[in-house]
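These values consider heavy atoms only, across backbone and side chains, with no hydrogens, waters or symmetry-generated copies.
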Amino acid sequence: MKHKRDYTADRRLPYLCAIALPIGLLSTGAAWLLLKLIALFTNLFYFQRLSLAASTPATHTLGWIAALLPIAGGLIVGLMARYGSDKIRGHGIPEAIEAILFGKSRMSPKVALLKPLSSGIVIGSGGPFGAEGPIIMTGGSIGSLLAQLLHLTAAERKTLLVAGACAGMTAIFGTPLAAVLLAVELLLFELKPRSLLPVALACAVAGFVRPWLVEAGPLFPLDVAAPTPVALLSCLVAGLASGVLAAALTLALYRIEDGFHRLRLHWMWWPALGGIAVGLGGLLQPRALGVGYDVIGDLLHQHMLLSAALALLLVKAVIWLLALGSGTSGGVLAPLLMLGAGLGLVLSPWLPGGSDGLWPLVCMAGVLGSVLGAPLTAIVFAFGLTHASQALLPLIATTAVAYGVNVLLMKRSIMTEKIARRGLHVHREYGVDPLERMHVEELMTAAPQTLAGALPAAEALAWCRAQAHVHRYYPVTDGVHLVGMLALRALEHADASQPCDTLAQGHEHYLLPHMSARSAAGMMARLGVARLPVVAGPERRKLVGVLSLSDLARASAAHAEEESVRERLLGS
C-alpha cells in the first residue's frame, strides 16, 4: 500500500508552478493592452482622436455616418483573418478548447498578436462584444508559446495554455476564483494537481497585479438584502426563464451561422455584413454598441425604465447574434451578462422574496452558466463581479435550474457546437476513470502459464497447443525470474531444439503490482501488445502474474454495472 498514492504529481509540478507565475504576469499585461486597444480604436473611430482614455460609442456625434464604422471594422478584421490567421475568428473559447483537445495545445505567435488587435478593432468600431474571449485566446497563446519554447510535453503545454487564458480573464474581471473554476469546468478536462495548481497560481498573480494596471474592487458593486424563504420559488421561475433564454440564444446563433455559410460569398466578407446590422442597430440604440459595462451596471441597479431596457436589449441581442454569427472577433461573456441582467429586470415586478437588484443578478448568472455549460463558474463569477454576499443562495438555486434546463434541452453548448460542426465531438462530463481506481495486482492473472527458459521450442509449442486456452504471448522464466515474453508465432518458426530463453524478447518491459490499470493500459498501447508480465520488483524481477487486455476490460465492466444495475433495498 505504501506505493499507492492519491495523486500522480511528480517533480515536474514545482517547475510548472514556477513557469505559471510569469505567465500570470504576462497575461495581465496582455489584458491591459487589450483594454487600451479597445479604448484607442473607440476614440479613433467615433471621436477622431488619439487617446487611451476609456470612452463609449454611445456618446458620439457622428449621426448616420456612425453606421458605417462597424462595416469598416468588419472589413479590416476579415482581411486580417484571411491573410493573417483564421484562428482569430469567433469568440475565442471554442478555439481554445479545440487547440487543447485536438491540437496538442499548440498556438501560433500570429494568434497572440492578431487576436487582441482584431478584437480591439471590432469592439472599438462598435462591435457588441466583451474582451474576455479575446483575452482567453491571447493569454492562452502566451502560455502555449512559452511552453513550446521550453520544449514541454503536450499535457504540460495544456496546463500553461489554460493558466494564461484564466489569468487573462482574472485581469479583465477581477474574479480569480471564477477563472479557476472556468478552467476546471470548461478548459482543462481534468482535475489534477499538475494542472490545477499552476492555473491557480497564475490567476493569483493576475489578481494581485490587476489593481496596478486596471482597477481595484468589483466591476459591478451591488448590495442586496437577504432573501426571504419565498424567494426559492422565485429562483425556480428565474432559473427556468434563464435556461429557456440561453437555449434560444444558442439556437439562434447557430441558425444565423448556418445562414452565413449558405452565402455564395467568401467568409472574409461576412464580418462586414455583420457590421451592417451593428451599424443600423447602433443608430436605433447607441448604448447597444461596444462592451456595455455601463449598461450592465444600470440594469443591475435598475436605473433603466422597463420600456427603454426592452428596446435596448432587443437590439443588443439581434446585433450580437448577427455579428458573432458572421465570424468576427469578440467575446460572449459581457453580452450574456447584459441579456441575463435584462431578463431579471423584466421579471423583477413578478418575483417576490428579494430586493430589486437580486433578480437581474441571479438571471445574469443563470443565463451565463446555462450558455457556457459551466454553472459553478457562473455562480462564483456573478458573486465576484458584485460582492453581493446575500445573493449566494439565490445564485446557486437559479443557476442550477437554468443549467438543468439547458442540459435537457440542448445536445451541446455554445462552447462546443462550433467544434462539433467540424466533426470533433467534445464530451463535457468526466469522472474518475475506472482504470484509475484499480491496480494491476487486482486484475492480473496471479498464476500464469509460463515457459521454462531451457525448454526446446518444439516441446514448448506442443505444450502450448495442448492447453485449454492458447495465448499469443507467454512469459519465459528461469524458474522464478522473468526472462522475457515469447510469441507463439516465434515458436512456430523457430528451430525445434532452440531453447525458449534465446527466443524471448522484451525483458525490459514489465508491470509492477502497484501500478494503476490506466498506466498499464498506456504501456500496452505504447508497446502495441495485448499481454505484459507483472514482476514483484524491478531489481530481481520475480514473476508474480500476467495482465492482459481482457483483464483490463473487467474494470470497465464493473463500472458499467454500477451505472446500469438497479438494486433493491438491502434485506428485501
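Here the closest non-hydrogen pair linking Gly84 and Leu114 is CA-CD1, 3.7 Å. Scanning all heavy atoms of the two residues, the minimum distance from Ile38 to Ala131 falls at CD1-CB, 3.9 Å. Between Leu395 and Phe383, the shortest heavy-atom contact is CD1-N, 4.2 Å. Taking both residues in full, the closest heavy atoms of Val367 and Ala246 are given as O-CB, 4.0 Å, listed atom of the first, atom of the second, then distance. The two residues Ser85 and Lys110 make their nearest non-hydrogen contact at CB-CB, 4.3 Å. Closest heavy-atom contact between Cys500 and Ala452: CB-O, 3.6 Å.
Each of Val111, Ile142, Leu161 was checked for a side chain to side chain contact (heavy atoms under 4.5 Å, CB included) with Met137, and the lone residue meeting it is Val111.
In this structure, the side chain of Thr445 does not engage the main chain of Pro448 through any donor-acceptor pair within 3.5 Å. Between the Thr138 side chain and the Pro134 main chain, a donor and an acceptor come within less than 3.5 Å of each other. A donor-acceptor pair under 3.5 Å links the side-chain atoms of Gln148 to the main chain of Met107, judged by distance alone. Under the 3.5 Å distance criterion, the side-chain polar atoms of Asp551 are left unmatched by any main-chain donor or acceptor of Ala553. Looking only at distances, no side-chain donor or acceptor of Thr170 sits under 3.5 Å from a matching main-chain atom of Gly207. Side chain of Ser370 to backbone of Ala402: a donor-acceptor contact under 3.5 angstrom is found. Remark: the backbone N or O of Gly168 is not paired with any side-chain donor or acceptor of Ser27 at under 3.5 angstrom. Side-chain N or O atoms of Thr399 include none that pairs as donor or acceptor with a backbone N or O of Ile379 at under 3.5 Å.
Contacts of Gln390 classified as side chain to side chain donor-acceptor pair (under 3.5 Å), with partners at least two apart in sequence or in another chain: none. Looking at residues two or more places apart in sequence or on another chain, you find no side chain to side chain donor-acceptor pair (under 3.5 Å) involving Arg531.
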Item to check | Step-by-step side chain to side chain contact (heavy atoms under 4.5 Å, CB included) determination, Met485 to Val529 | outcome: CA-CA 11 Å; Met485 294 292 284; Val529 298; over 6 Å; no
Next on the checklist: Working note: Tyr293 + Phe173, criterion side chain to side chain contact (heavy atoms under 4.5 Å, CB included); need CA distance, chi angles, decisive distance, verdict.
Outcome noted: CA-CA 11 Å; Tyr293 289 157; Phe173 290 111; 3.6 Å; yes
Next on the checklist: Pair Ile23, Leu146 - check side chain to side chain contact (heavy atoms under 4.5 Å, CB included), show working.
Outcome noted: CA-CA 8 Å; Ile23 287 176; Leu146 185 56; 3.6 Å; yes
Checklist entry - Can you check side chain to side chain contact (heavy atoms under 4.5 Å, CB included) on Leu152 and Tyr15, steps first, answer last? => result CA-CA 11 Å; Leu152 302 185; Tyr15 180 55; 3.8 Å; yes
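Within the 4.5 Å cutoff, the side chain of Val535 has heavy atoms near those of the Leu512 side chain. Within the 4.5 Å cutoff, the side chain of Val380 has no heavy atoms near those of the Thr175 side chain. Considering only heavy atoms from C-beta on, Leu532 stays 4.5 Å or farther from Leu547 through its side chain. Side-chain contact between Leu549 and Met524 is present, with at least one heavy-atom pair separated by less than 4.5 Å. A heavy-atom distance below 4.5 Å is found between the side chains of Met169 and Leu333. Side chains of Leu187 and Val199 form no contact here, defined as non-hydrogen atoms less than 4.5 Å apart. Counting heavy atoms from C-beta on, the side chains of Leu337 and Phe381 come closer than 4.5 Å. Residues Val371 and Val332 form no side-chain contact, since every pair of their non-hydrogen atoms from C-beta on lies 4.5 Å or further apart.
Leu117 contributes atom CG, which lies 10.0 Å from atom CG of Leu34 (distance to the nearest 0.5 angstrom). Considering CG of Leu145 and CG of Leu150, their distance stands at 11.0 Å, rounded to 0.5 Å. For the atom pair CD1 (Ile136) and SG (Cys166), the distance works out to 6.5 Å, reported to the nearest 0.5 Å. Note that NE2 of His471 and CG of Leu486 are 13.5 Å apart. Values are rounded to the nearest 0.5 Å. With values rounded to the nearest 0.5 angstrom, His439 atom NE2 is found 10.0 Å from Met515 atom CE. One distance of note links CD1 of Ile88 with OG of Ser119; it measures 7.5 Å at 0.5 Å rounding.
Applying the salt bridge (Lys or Arg N to Asp or Glu O under 4.0 Å) test to residues at least two apart or on different chains, the pairs with a partner in residues 133-160 are Arg12-Glu156, Lys158-Glu190.
For Glu492, the CD atom sits in a packed shell: over 12 heavy atoms of surrounding residues, nucleotides or ligands are nearer than 6.0 Å.
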